[in-house]
Enquirer: 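Can you keep this structure in mind? I'll have questions shortly.
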Amino acid sequence: MRILITGGAGFIGSALANALVSDQHEVLVLDDLSAGDPTRLAPGVLFHRGTIMDRPKLWTLLQGVDCVYHLAARVVVAESILYPREYNEVNVSGTVALLEAMRDVGIPRLIFTSSGALYGNQERQPISETALPDPTSPYAVSKLAAEHYIQTIGTLWGTKTIILRIFNAYGPGQPILPSHSPVIPQFINQALGGGSLVIFGAGDQTRDFVYVSDVARALVSALHIKPPDRCIINIGGGTEITMNALAREILAQTNSSSNTIYSPVRGGGVSRLQADITLARKMLGFEPQVTLKEGLQRILREDPRFI
Ligand SMILES: NC(=O)c1ccc[n+]([C@@H]2O[C@H](COP(=O)([O-])OP(=O)(O)OC[C@H]3O[C@@H](n4cnc5c(N)ncnc54)[C@H](O)[C@@H]3O)[C@@H](O)[C@H]2O)c1
């Protein structure tokens, strides 16, 4: 198949692009490199620098495409609290721009990476797809709004759409940001550098981590299913871990004598996140293959920043 991945030079997008190209698909990537890095892409992936807001470019790239994976987005929760308009512009208006271009060119299928963050604080864990979303940040709002556009427009225009709500992806190459970094590379960096591991809040909040190659496999599987009309599927590891336990595991694996310190809780977070992955098992044959322990070992073995 000929496949376009928006945001394909990013952390998850590059893993997906490389998996698809090794399955002999023709893979095009559109990424504005606001966060991506095209050197992650395997030979054979056709990289194009540009934004999803560029209509003529989208039109050109969409010719002959069988399926679009839409990953391009702004993804930092804390940043979305400061710049909600920018998040709305890229994550919502950008998605609508893509949908319009897909309609104009006649692309039959869209697979979208949504987020477990849109569930917010849920009493009932693990969280199933039937839970009522309760976003706690503009980022989560933007992913939910994009989902609604995708489903509504998909129905109206006859585009087959699949939405994967990904929980916390992690793996080698996940960026460390100057502030508000994803927690795993941040903790590893702090542990190896001999600094303190900074935990926001009491450390009893949980997350459901899923290794990046498992996420890529789930996305690839979605290419081959016949989706029902409304298709939303959780992708997670299916287990939860507290930030305190994560910090202990990383300190043990890095053999670090760093300590943990506690900082006031940040806005936009949630207290517990654990994915119910029953539907992913049923529809995609998805089973996480990499445990958190093994995933952390792989990062320490394979990520050049930490070797
Ligand atoms: N990483 C996670 O834990 C996680 C969890 C849930 C959902 N997701 C979703 O998965 C997708 C990929 O996330 P990621 O973690 O790989 O983030 P990422 O920042 O590494 O990837 C996003 C990519 O989109 C590109 N991009 C941003 N704006 C663009 C635009 N206007 N035009 C073209 N490209 C643009 C960036 O340069 C980047 O390469 C996102 O849609 C995100 O919301 C990620």
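Indexing begins at 1, ligand by ligand and atom by atom, following the structure's order. Atom set for the values below is all heavy atoms of this structure, side chains included, hydrogens, waters and symmetry mates excluded. Numbers here simply count residues along the sequence, with the first being 1.
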Enquirer: Taking 4.0 angstrom as the limit, do Arg74 and Glu89 come out as a salt bridge?
Expert: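 Between Glu89 and Arg74 there is no salt bridge, as every charged N stays at least 4.0 Å from the carboxylate O atoms.
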Enquirer: Considering only heavy atoms, does Asp32 approach ligand 1 within less than 4.0 Å through its side chain, its backbone, both, or neither?
Expert: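 Both the backbone and the side chain of Asp32 come within reach of ligand 1.
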Enquirer: Quick check: is Ile52 connected to Leu219 through a chain of hydrophobic side chains (ILVMFWY, heavy atoms under 4.5 Å apart)?
Expert: no
Enquirer: Say whether Gln253 and Glu249, considering side chains only, have a donor N or O and an acceptor N or O under 3.5 Å apart.
Expert: yes
Enquirer: Is it the side chain, the backbone, both or neither of Phe209 that has a heavy atom closer than 4.0 Å to ligand 1?
Expert: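 The answer is neither.
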Enquirer: With a cut-off of 6.0 Å (strictly less than), are more than 12 heavy atoms of other residues, nucleotides or ligands near CG of Asn259?
Expert: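 Buried by this count: over 12 neighbours within 6.0 Å.
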Enquirer: For ligand 1, which atoms sit closer than 4.0 Å to a heavy atom of Tyr139?
Expert: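 Once the distances to Tyr139 are compared, the set is 7 (C), 8 (N), 42 (C), 43 (O).
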Enquirer: List the closest protein heavy-atom neighbour of atom 10 (O) of ligand 1: residue, atom name, distance to the nearest 0.1 Å.
Expert: Thr113 OG1, 3.4 Å
Enquirer: Is it true that Ile52 lies under 4.0 Å from ligand 1, counting heavy atoms only?
Expert: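 Under 4.0 Å: yes for Ile52.
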Enquirer: Does any N or O of ligand 1 fall below 3.5 Å from an N or O anywhere on Gly13, backbone included?
Expert: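 Looking only at distances, the answer is no, because the N/O contact criterion of under 3.5 Å is not met.
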Enquirer: Show the atoms of ligand 1 that are less than 4.0 angstrom away from any heavy atom in Lys143.
Expert: 40 (C), 41 (O), 42 (C), 43 (O)
Enquirer: Using distance alone, with no hydrogens and no angle criterion, decide if Gln289 and Tyr211 have a side-chain donor and acceptor under 3.5 Å apart.
Expert: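 There is no such pair between these side chains.
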Enquirer: What part of Val90 sits under 4.0 Å from ligand 1 if we count only heavy atoms: the side chain, the backbone, both or neither?
Expert: side chain
Enquirer: Numbering the atoms of ligand 1 from 1, which are under 4.0 Å from a heavy atom of Gly50?
Expert: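 Under 4.0 Å from Gly50, ligand 1 has these atoms: 32 (N), 33 (C).
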Enquirer: For atom 3 (O) of ligand 1, find the nearest protein heavy atom and state the residue, atom name and distance (0.1 Å precision).
Expert: Ala169 N, 2.8 Å
Enquirer: Looking at atom 16 (O) of ligand 1, what's its closest protein heavy atom, distance included?
Expert: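 Nearest protein contact, heavy atoms only, for atom 16 (O) of ligand 1 is Ile12 N, 2.8 Å.
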Enquirer: Heavy atom of Ser34 under 4.0 Å from ligand 1?
Expert: yes
Enquirer: Tell me whether Arg85 at atom CZ has more than 12 heavy atoms from other residues, nucleotides or ligands lying less than 6.0 Å away.
Expert: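 12 or below, so no.
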Enquirer: Does either side chain, that of Asn244 or that of Thr242, offer a donor lying less than 3.5 Å from an acceptor on the other one?
Expert: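 Their side chains do not contain a donor-acceptor pair, so the 3.5 Å distance test is not met.
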Enquirer: Against ligand 1, does Gly116 come closer than 4.0 Å with any heavy atom?
Expert: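 No.
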Enquirer: Answer yes when Glu294 and Arg298 have at least one side-chain N-carboxylate O distance shorter than 4.0 Å, and no when they do not.
Expert: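 Yes, Glu294 and Arg298 are salt-bridged.
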Enquirer: Can you sort out which atoms of ligand 1 are near Ala9, meaning under 4.0 Å from one of its heavy atoms?
Expert: 39 (O)
Enquirer: Would you mind telling me if ligand 1 is within reach of the side chain of Leu33, the backbone, both or neither, using heavy atoms under 4.0 Å?
Expert: backbone
Enquirer: Hydrogens and angles aside, do Thr130 and Ser128 bring a side-chain donor and acceptor to less than 3.5 Å of each other?
Expert: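 Their side chains do contain a donor-acceptor pair, which is all the 3.5 Å distance test asks for.
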Enquirer: If we set the cut-off at 4.0 Å for heavy atoms, which region of Ala117 has an atom near ligand 1: side chain, backbone, both, or neither?
Expert: neither
Enquirer: For ligand 1, does Phe167 get within less than 4.0 Å through its side chain, its backbone, both, or neither, judged by non-hydrogen atoms?
Expert: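 The answer is the backbone of Phe167.
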Enquirer: Is there a donor-acceptor contact under 3.5 Å linking the side chains of Tyr119 and Arg165?
Expert: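 Per modelled atom types, Tyr119 and Arg165 side chains form a pair under 3.5 Å.
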Enquirer: Donor-acceptor pair, Asn18 side chain versus Ala42 backbone, under 3.5 Å?
Expert: yes
